[in-house]
Amino acid sequence: MPEITKSYEPREVERKWYAAWLDAGAFAGRPAAGREAYSIVIPPPNVTGVLTMGHVLNNTIQDILIRRARLEGRSALWIPGTDHAGIATQAVVERELRGLKKTRHHFGREKFIERVWEWRSEKGGIILEQLRRLGASCDWDRTQFTMDAAYSRAVLAAFTELFRRGHVYRGKRMVNWCPASMTALSDEEVIMKPQSGTLYRVRYEFADAAGQFVQVVTTRPETIPGDVAIAVHPDDPRYSGLVGRSVWRPLNRAEIPVIADSAVDPKFGTGALKITPAHDRADYEIGVRHGLPVVDILNADATLNELAGPELSGMERFAARKRAVELLTASGALAGEEAYQHNVGFSERSDVPIEPRLTWQWWLRYPRVEEAKAAVRDGLIRFHPARWTKVYLHWLENIQDWCISRQLWWGHRIPVWYRKGIDRDSLSEADLADPSKLHVSAEGPPNPDNWVQEDDVLDTWASSWLWPFATMGWPDAGAMSKAGFDYFYPTSTLVTAPDIIFFWVARMIMAGLEFVRPGEPPARRIPFRDVYFTGIIRDTRGRKMSKSLGNSPDPLDLIESYGADGLRFGIVSIAPQGLDIRFSEERIDGGRNFCNKLWNACRFRQMSGPSGDNSSPGAILARIDPTKFDADDHAILERLLATTREVERCLREFEFSAASQALYGFFWNDFCDWYVEVSKAKLQAEDTRATCLALQDLVLRQALLLLHPFIPFITEELWSQLGYAGTGRGFIADTRIEDASGLAAALVALGADPDPRQAASVERMKLFVSQARALKAERGVASRRDVRFLVKADDAAWATLEANLPKLLRMAGAAEIARRDDIGGMSAAVTPLGTLGLDLAAQADAGAERLRLGKELEALSGHIAGTEARLANKAFVSKAPAAVLEGARRQLAEQLAKRAELERLLKSLG
RNA sequence: GGACGCCUAGCUCAGUUGGUUAGAGCACCUCGUUUACACCGAGGGGGUCGGGGGUUCGAGUCCCUCGGCGUCCACCA
């Protein structure tokens with residue numbers, strides 16, 4: 001066996017093991033009879049994406065779940081893939097074309113799409129390579145892309161089916177229009193941002209009474225040419241006589257009526273509202289009610305068109321706003337302006353203000369809304385943390401139809417064909433069902449020459465909402481069977497961020513319920529059983545990480561400096577459940593340091609002596625002789641069982657950082673700082689040596705198993721180096737982890753089950769040792785190992801000390817610990833194993849000693865006063881539970897004894 | 001406007017169903033090359049739990065209220 005090197009060098013180890021895992025097909029997820037299935041579908045990153053800290057957290061957690069499932073003997077499948085990300089990807093390629101001074105229209109639809117595919121094969125999907133660096137154990141042979149042929153068939157089949165079931169319709173409605181990408185967006189893709197703008201007060205002159213005006217306020221004076229009316233509230237006394245008269249529109253001058261509509265808020269502004277149906281949702285509604293015309297003054301790119309009139313036509317919308325203000329000022333129509341804070345909707349992707357725009361679009365009435373609500377409300381699907389349930393339900397309760405068409409080229413072209421020569425915009429909803437006018441199918445019409453296909457593509461989310469089952473071959477029976485659909489669906493856990501709960505999570509639930517296993521109970525149709533929402537990674541100042549802020553470190557750089565395992569352990573251990581994460585690079589130090597600690601503990605084990613047979617738990621147990629156990633052996637086994645149990649609980653409850661902290665504390669404090677240190681004495685004695693080494697092997701083996709899902713590379717390496725792999729393929733992942741009860745049972749069978757009383761005595765020894773060290777530090781002899789301690793102990797305490805003497809001498813750094821009936825006049829402390837004095841030739845500084853003991857006495861007296869007060873309180877004595885009362889009494893007795901001893905020590909100092 | 005979350009040591013967070021005058025990691029101070037590890041070891045200082053009120057024998061832990069930070073939803077021109 002090669003010698004373990006002095007410090008852990010991740011780079012080579014990571015490369016070696018990842019290649020070995022891939023070679024062996026260790027990540028392949030296959031149905032296995034008699035074994036439970038565990039499956040996860042990755043939230044597909046954009047094909048344009050690169051690895052961010054968010055991905056690191058999210059995918060580390062998925063990998064933890066998957067690797068743990070494998071250790072538990074389940075057949076685990078993690079399906080990776082990427083999302084074609086319509087707008088984002090098209091934008092990337094168009095940006096490249098702009099560099100060549102071209103637009104997508106120079107190429108035409110077909111050629112442009114070819115270009116996108118070229119881009120994708122050259123530069124797309126880098127992120128999947130980066131996930132491998134992180135150690136993600138995805139089944140790469142199953143990598144999916146939402147534009148793959150098979151996946152596309154699923155998307156078209158779903159659309160066709162929804163159309164057939166009457167959930168899809170075409171309608172001319174107000175949509176969120178993104179003038180940058182020139183497409184409609186869904187409501188979810190619009191972000192409201194507070195903006196400081198100006199509220200303009202504009203006068204409209206009465207057509208029948210020159211010199212008389214009605215005033216309105218507006219933030220968008222450039223839309224005035226689109227005004228078709230002025231509206232007031234019907235009950236507004238100020239305007240009671242005005243309804244029915246008409247006013248002059250001050251830009252692109254024309255006569256427009258004054259109408260009454262109760263949607264107008266008389267308390268806002270002047271109480272009179274300009275009605276611009278083409279460019280405002282509320283105005284549109286009012287326009288419809290009153291049969292008003294729609295005057296659309298904007299082009300698709302939000303420049304103004306000829307309907308805006310000669311002065312504004314052709315201008316960009318914000319330039320037009322300035323110009324409109326100038327024109328209004330010049331004509332005297334501008335009555336005032338004031339600064340105004342208001343919210344404006346921005347395109348999530350392009351970050352420009354959206355325009356409400358009246359266009360023909362395809363809409364989806366969400367299917368299975370009630371079932372989707374029930375599935376989560378009734379716990380068929382469990383959200384972690386549970387509070388997201390309410391957010392989810394609230395959205396579903398107020399759900400609006402989904403605009404699923406996009407005026408893009410990159411995406412799934414909507415599988416609808418119009419009969420040639422037909423005016424598609426004159427089709428009624430009833431006409432949509434007429435096969436002589438409209439053809440809807442995945443494969444297209446039989447006689448394509450007579451038909452024209454819809455130009456629009458589907459919203460990207462209208463493909464990714466099928467992800468949990470379209471990645472498993474749906475709807476093709478043969479492909480589903482090959483993918484193990486029956487075995488792996490529904491998936492086990494979805495790990496994602498809460499910001500896509502509407503975009504993706506809710507929609508996947510509805511899609512699963514609608515499309516999968518029709519007629520079967522919801523539990524069989526839902527796409528996943530648990531949803532774990534990670535926090536959002538923020539910088540030290542609490543800002544979301546983003547490219548534009550430049551506050552997002554490159555995870556690959558972090559992997560270079562800290563190792564993938566260090567990064568994984570670090571990020572998981574600082575990610576509290578349910579809260580956002582404040583990231584700073586130094587926090588990853590802890591993960592790296594822990595890996596180094598683990599490495600060196602294993603190195604120490606290797607240097608301590610040849611390992612015996614480590615190839616199976618049975619072989620290790622066979623090397624343990626419980627009759628040689630001392631208190632420390634009991635304690636470490638007890639802690640091992642408790643930690644195993646705690647990790648099981650944490651993973652069951654999705655408390656990943658708590659799990660990592662439990663492992664950290666156990667390994668660093670219980671094992672390294674105490675057990676390994678006392679081992680150094682135990683290994684000196686032939687009598688205890690073999691059992692001590694075997695116990696170390698047992699602990700390390702279990703620790704590596706528990707840690708492997710978190711830090712797979714280093715654990716795999718150490719597993720192999722310490723001989724746990726045995727013969728055969730021997731990956732950790734091929735091992736069945738022993739659960740706490742199994743491990744406990746094995747120890748019981750051996751007669752090696754830990755005795756809690758022995759374990760408790762170790763806690764007393766730890767306090768004894770730290771007091772001894774403190775006395776030495778205080779006297780400036782911390783590094784001397786030849787000092788003598790005197791201890792005044794009762795027989796039981798002395799028996800404990802005597803039985804563990806060699807270890808205690810080593811831990812305290814002393815040459816001798818001797819029993820004395822009287823400790824006084826020296827540096828001393830009261831410990832659970834008696835009063836401890838440091839016997840030095842030099843006189844103790846009595847003043848300093850008195851000060852220290854006095855401080856301790858003072859604190860103790862405070863405690864005593866509190867306890868006495870409680871016990872003197874009749875209400876406490878009569879109402880507190882017996883156990884609490886008993887505890888308080890015992891505590892008081894101990895405190896009093898300790899006080900007496902401290903006082904005696906003080907007195908002895910003169 | 002509505003909902004949710006958070007406010008505990010300098011920083012980031014734990015504190016299970018209320019029960020010793022609160023813990024961890026990092027940072028800080030002192031000491032230390034003892035045969036795994038300075039990506040280390042030992043020792044130490046440092047919070048009264050955002051403010052106020054209430055319930056209770058007892059509250060960081062339950063209730064009310066005020067304040068601050070954050071997120072989501074809705075959005076009046």
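Residue numbers start from 1 in every chain, and the chains themselves are labelled A, B, ... in the order their sequence lines are given, proteins ahead of strands.
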Pick base, sugar-phosphate or nothing for [X], based on heavy-atom distances below 4.0 Å to the nucleic acid.
| X | value |
| --- | --- |
| A/Ile574 | nothing |
| A/Arg387 | sugar-phosphate |
| A/Glu586 | nothing |
| A/Thr219 | sugar-phosphate |
| A/His863 | base |
| A/Phe502 | sugar-phosphate |
| A/Thr276 | nothing |
| A/Arg603 | sugar-phosphate |
| A/Lys597 | base |
| A/Ile275 | nothing |
| A/Lys680 | base |
| A/Ala774 | sugar-phosphate |
| A/Tyr392 | nothing |
| A/Pro881 | base |

(request) Give the minimum heavy-atom separation between A/Val247 and A/Val214, together with the two atoms involved. (result) CG1-CG1, 3.8 Å

(request) Could you tell me which non-hydrogen atom of A/Thr270 sits nearest to which non-hydrogen atom of A/Val216, and how far apart they are? (result) OG1-CA, 3.6 Å

(message) Within residues 657-673 of chain A, which residues have any heavy atom lying less than 4.0 Å from an atom of RNA chain B?
(response) A/Tyr664, A/Trp668, A/Cys672, A/Asp673

(message) Please give me every residue in residues 279-286 of chain A whose heavy atoms get under 4.0 Å of an atom in RNA chain B, ordered by residue number.
(response) none

Could you pull out all residues at least two apart from [X] that satisfy salt bridge (charged side-chain N to carboxylate O under 4.0 Å, His left out)?
| X | value |
| --- | --- |
| A/Arg507 | A/Glu188 |
| A/Glu348 | none |
| A/Arg649 | A/Glu646, A/Glu653, A/Glu655 |

(request) For RNA chain B, produce a single dot-bracket line, 5' to 3'. Pairs: Watson-Crick or G-U wobble, both distances under 3.5 Å. Symbols: ( ) within strand, [ ] crossing, | other strand, . unpaired. (result) (((((((..((((.....[...)))).(((((.......))))).....(((((..]....))))))))))))....

Using the [atom1] atom as the reference point in each nucleotide, state the distance between [N] and [M] in Å, no decimals.
| N | M | atom1 | value |
| --- | --- | --- | --- |
| B/A59 | B/G2 | P | 33 Å |
| B/C73 | B/G10 | P | 36 Å |
| B/A27 | B/U34 | C1' | 27 Å |
| B/C64 | B/A3 | P | 13 Å |
| B/G70 | B/C31 | C1' | 44 Å |
| B/G47 | B/C4 | P | 36 Å |
| B/G15 | B/C7 | P | 10 Å |
| B/U16 | B/G53 | P | 24 Å |

(request) Give every residue pair that meets the salt bridge (Lys or Arg N to Asp or Glu O under 4.0 Å) criterion with at least one member in residues 590-602 of chain A, sequence neighbours excluded. (result) A/Asp589-A/Arg592

(request) Among residues two or more places apart or on two chains, list those pairs meeting salt bridge (Lys or Arg N to Asp or Glu O under 4.0 Å) that have a residue in residues 657-668 of chain A. (result) none

Between [X] and [Y], is any side-chain donor less than 3.5 angstrom from a side-chain acceptor?
| X | Y | answer |
| --- | --- | --- |
| A/Glu338 | A/Thr198 | no |
| A/Arg203 | A/Gln215 | no |
| A/Asp265 | A/His233 | no |

(message) Enumerate the side-chain hydrogen bond (donor to acceptor under 3.5 Å, both in side chains) contacts for residues 867-890 of chain A, please, sequence neighbours excluded, ordered by first and then second residue.
(response) A/Thr867-A/Gln891, A/Thr867-A/Gln895

(request) Considering only NZ, NE, NH1 and NH2 on the basic side and carboxylate oxygens on the acidic side, decide whether A/Glu778 and A/Arg852 come within less than 4.0 Å. (result) yes

(message) Does the plane of the ring in A/Phe502 sit parallel, tilted or perpendicular to the ring in A/Trp395? Use 30° and 60° as the thresholds.
(response) parallel

(request) Identify the 5'-most and 3'-most nucleotides of RNA chain B with at least one atom closer than 4.0 Å to a non-hydrogen atom of chain A. (result) B/A3 to B/A77

(message) On RNA chain B, compare the nucleotides closest to A/Arg220 and A/Glu778; which residue's is nearer the 5' end?
(response) A/Glu778

(request) Specify the residue among A/Arg582 and A/Gly271 whose closest nucleotide of RNA chain B lies further upstream toward the 5′ end. (result) A/Arg582

(message) Suppose we screen for side chain to side chain donor-acceptor pair (under 3.5 Å). Which residues come up paired with A/Lys274, at least two apart in sequence or across chains?
(response) A/Thr223, A/Asp227, A/Thr276

(message) Using ring centroids (six-membered ring only for Trp), state whether A/Phe656 and A/Tyr532 fall under 6.0 Å.
(response) yes

Side-chain polar contacts of residues 661-671 of chain A - donor-acceptor pairs under 3.5 angstrom, sequence neighbours left out - could you list them?
from     : atom 1 : to       : atom 2 : distance (Å)
A/Gln661 : NE2    : A/Ser573 : O      : 3.0
A/Asn669 : ND2    : A/Asp673 : OD2    : 3.4
A/Asp670 : OD2    : A/Arg639 : NE     : 2.7
A/Asp670 : OD2    : A/Arg639 : NH2    : 3.0

